[in-house]
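Heads up: the structure comes next, in structure tokens.
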Amino acid sequence: MADSAKTSNFLTDIVDADLAAGRVRGPIVTRFPPEPNGFLHIGHAKSILLNFGLAARYGGRAHLRFDDTNPTTEETEYVESIENDVRWLGGDWGEHLHFASDYFGKMYECAERLVVEGKAYVDTQSQEAIREQRGSFERPGAASPHRDRTPSENLDLLRRMRKGEFPDGAAVLRARIDMAHPNVLMRDPLLYRIRHASHHRTGDAWCIYPMYDWAHPLEDAVEGVTHSICTLEFESNRELYDWVLDNTGPWDPRPRQYEFARLALGYTVMSKRKLLQVVNEKRVSGWDDPRMPTIAGMRRRGVTPDALRDFADLIGVAKNNSVVDIGKFEFCVRGDLERRSPRALGVLDPVRLTLVNWTGPDEELDLPWWPAEPDRGGSRKVPFGRDLLVERDDFSAEPPPDWKRLAPGREVRLAGAWVVRCDEVVRGPGGEVEEIRCTFDPASRDATRRGIGTIHWVHGSRSIPAEVRLYDRLFTVEQPDAEGNFLDVMNPASLSSAPGARLEPALHDAAPGTHWQFLREGYFFVDPVDSRPGAPVWNRTMTLKDTWAARAAPADPGRPARPAREPAVPSTPRRSQGDVRAEQRAADPGLVAIHARLAAIPGVSPDQADLLAADAATAAWFDSAVAAGGPPGPTARWLLNELLGLAGDHPLDSLPLAAGAFGRFVSLAESGRTTGAGAKALLQSLVERPGDPADRLAELGLEKVDDRAAVEGAVARVLGAQAAEVARYRSGEKKLLGFLLGAAMRETQGKADPALLRKVLQEALG
RNA sequence: UGAGGCGUCGUCCAAUGGCAGGACUGCGGACUUUGGAUCCGCGUAUGAAGGUUCGAAUCCUUCCGCCUCAACCA
């Protein structure tokens, strides 16, 4: 957990940058915005931990906000379970428990404002007509016949919608953006729909309800959220999110939306629909069935919030779609339970073991709860005697070579007690083992005996029966979602019981909600729901890691190795970027001429000419730069390879760096007065802030250093500071030359002549 | 086919032009009154090609692959 404060990810990078640039002046505010229409699962846990963790890391706050904008699907009972789950995970929202429905009034005001400003209109077409007009990915949409209603007309209609004069579906409010927008979400999206339905909080106060894309940004803005974090599938919604805020503000702070990859976990499903289906079809006992990936299910199984936090830290946060190995989850659960579980004895599938030379009465062994950590204290009495029970699997009549358990003639230690030797096996009529007869070594209780195994046991008659539930993965394949029908790959053995299980008597009064390790069997949790006083029900949270079983069992193929990559075959005659430019040229005689002219310039390669002639503006910019003194070849190179990267999404015309200044820059860069690295630093500076290249060069002190003495000084300093690396280099790690060269280059702030520096460094290294 | 996003060990995540690193898994070993735990060791991964640079996972170009988006759901 201490780690989560240290580890960074792309979101902490963003916050750091926002803070550094002064873009956010107040506290960092995040939120977890569930819709109250289902149970939270481990994917939500990742999001909760991320949002609350981010706020905590920066001393800000995180809100719990219910996104209850759809009265027909949402219910109060879910609100309670969600609050409970978030709190259980450690989410502390303080005063900030919010409901989208609390802002319905404010949202409506914003809607009227949009209407008045002509940025929204009431559409009274049918749902089908509106969908039809939206167009497709390839084809633009068509305008609604109601798109140009006047503001006063729209205002009247909107108010009548709100008053309930129209039935469901008769009218919607739409933003007036652009029906030809390449992002289909921007084609006049719906803001409000009519629903004559009772809301779980606002009752019948409203009959129009806001859509997600309208409501969500406003909720964030009203609450002062600074960083609105959601999952990847909302990436295309961001453009609309920004539009809403830009047209309803100004907002301070102005929220920004960022997206991360939601959690996908192997051997389970995460979609609400599929989870709901297994619950409804009674394939599990309910939302809190311990096999479910729900927070409620995991809690009931015995997984702790600490384990979930460890897991979230382990898997990190990024934008890659990925499927996390279920083994990582199991690792975190085991690690957590290992630390918190006292050790007890329980036999799941017992077989009788008789100590033929035990002639006295039973003994009460005093065994510590923490055999490996005596300092933690505590112990209990465990009855021991002639008649015992051990695990059926711990005996083998014909053991494999490295068997370390019971077998005819073999010795084994009974945990916490004596070493016994198997003398005789009694079999039933069907040949099954009924009794294992052993002799014990009275001198072995405290004596070290190397090389033999240890097995667990309970007393034959004084152990207690118990209800034990064994859980396994819900699905048999790593990616059930990839199957035609995920129900087909449900694991029929995901729940099993151990009808004959016997536990040591001290477990009789184990309290519900407590964690235990049954020695060599796994971690068990006393079920908080079905347990009764004196009759605990045991859930196996997780087996112990079992290297023996892994070795002995036929290898689990697991995840197939990634198939070898085949070399790319340019098989499909798809339209390439180059083709697109060629087509554009074909349609524009002006571009053809430009391309021909650029291609004829000595020093400009055909590829460069193609790229420069992509559009008239770029070509004109290039021409101006050359006219100002930039040699054509280098100008093309600097423009295409460096400037484009620096400019990012901004068109060249919008840069603080004018084309003429760029031409003078190239001329300067090629003059030899500075190095490549120096020129790059200079260009970056010029892109950020206008100015004369030569002046800026002097201002930044980027003149090339080709004074041999200065270079030698820098090399000497670096070699002194990097003694260990120098030694490694001299002992043969030649790849370190690049590292040392880089260090020396940094020492001169990139100003040393690379060829000279390399020469001096190599001489110094011998 | 329009728009947006993503490609790094088997898996997840780092490296922000300078030694491709950590964790999980796996495999060895040590230790062990849990075949657990603990400790030690083991790594041919930057989707491909071309370019820029003294130096590229990182910048440019092209290609390849995967994901998301056209609900009066969120």
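Lettering of chains follows the sequences in order, A, B, ..., and the numbering in each one begins at 1.
For B:rC13, one of the phosphate oxygens OP1 or OP2 lies less than 4.0 angstrom from a side-chain nitrogen or oxygen of A:N320. Regarding contacts with the backbone of B:rC60, every side-chain N or O of A:R637 stays at 4.0 angstrom or more from both OP1 and OP2. Remark: A:T547 is in phosphate contact with B:rG36, judged by side-chain N or O atoms under 4.0 Å from OP1 or OP2. Note on A:S322: a side-chain N or O is less than 4.0 Å away from OP1 or OP2 of B:rC13. A close approach under 4.0 Å does not occur between any side-chain nitrogen or oxygen of A:K680 and OP1 or OP2 of B:rU52. Under 4.0 angstrom from either OP1 or OP2 of B:rU62 there lies at least one side-chain N or O belonging to A:R581.
Within the 4.0 angstrom heavy-atom criterion, no nucleotide atom of any strand lies near A:G676. Within the nucleic acid shown, A:R746 comes within 4.0 Å of at least one base atom, counting heavy atoms only. Among the heavy atoms of the strands, none lies under 4.0 Å from A:R238. Heavy atoms of A:D13 sit under 4.0 angstrom from at least one base atom. Among the atoms of the strands shown, none is found under 4.0 Å from any heavy atom of A:E259. When heavy atoms are screened at a 4.0 angstrom cut-off, A:K404 is found touching base atoms of the nucleic acid. Contacts of A:G453 with the nucleic acid, taken as non-hydrogen atoms under 4.0 Å apart, are absent. Within the nucleic acid shown, A:K545 comes within 4.0 Å of sugar-phosphate atoms alone, with no base atom in reach, counting heavy atoms only. A:V317 comes within 4.0 angstrom of the backbone, heavy atoms only, and of no base. Nucleic acid contact class of A:R413 (heavy atoms, under 4.0 Å, all strands): base. Contact annotation for A:L741: base contact, defined as any heavy-atom pair under 4.0 Å involving a base atom. Nucleic acid contact class of A:R405 (heavy atoms, under 4.0 Å, all strands): base. Using a 4.0 Å heavy-atom distance criterion, A:W403 is classed as a base contact. Within the nucleic acid shown, A:E725 comes within 4.0 Å of at least one base atom, counting heavy atoms only.
Judged by Watson-Crick or G-U wobble contacts below 3.5 Å, the nucleotide B:rC66 has B:rG5 as its partner.
Proximity note for A:R343 (side chain, C-beta onward) versus B:rC19, B:rG36, B:rU25: the nearest is B:rG36. Nearest to the side chain of A:N9, among B:rA14, B:rC19, B:rG51, sits B:rA14. Listed nucleotides B:rG18, B:rG35, B:rC12 differ in distance to A:V324; the shortest reach to its side chain belongs to B:rC12.
Using a distance-only test at 3.5 Å, with no hydrogens or angles considered, a donor-acceptor pair links the side chain of A:W457 to the main chain of A:A415. When atom types are taken as modelled, the side chain of A:S341 and the backbone of A:E338 share no donor-acceptor pair closer than 3.5 angstrom.
Rounded to whole Å, the C1' atom of B:rG51 lies 15 Å from the corresponding atom of B:rU58. Of the C1' atoms belonging to B:rA57 and B:rU8, the separation is 7 Å, rounded to the nearest Å.
Summarising the geometry, the separation between CG on A:L345 and P on B:rU34 is reported as 12 Å, rounded to the nearest angstrom. Rounded to a whole Å, the CG atom of A:L736 is 9 Å from the P atom of B:rC19.
Residues A:C207 and A:M161 approach most closely at SG-O, 3.3 Å, considering heavy atoms.
Both A:A318 and A:L611 lie close to RNA chain B; mapped to their nearest nucleotides by heavy-atom distance, the more 5′-ward contact belongs to A:A318. Annotation: of the two residues near RNA chain B, A:E239 and A:T448, the 5′-most nearest-nucleotide partner is A:E239.
In terms of the side-chain hydrogen bond (donor to acceptor under 3.5 Å, both in side chains) criterion, A:K328 has no residue partners (sequence neighbours excluded).
Using cut-offs of 30° and 60° on the angle between ring planes, the pair A:F518 and A:F524 is parallel.
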Along nucleotides 68-74 of chain B, 5' to 3', which nucleotides get a B, which get an S, and which get a -, given that the test is a protein heavy-atom distance under 4.0 Å?
SBBSBSB

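Side-chain rings of A:F384 and A:F440 stay apart, their centers remaining 6.0 Å or farther from each other.
Screening residues 734-760 of chain A for ring pair (Phe, Tyr, Trp, His ring centres under 6.0 Å), with sequence neighbours left out, gives no hits.
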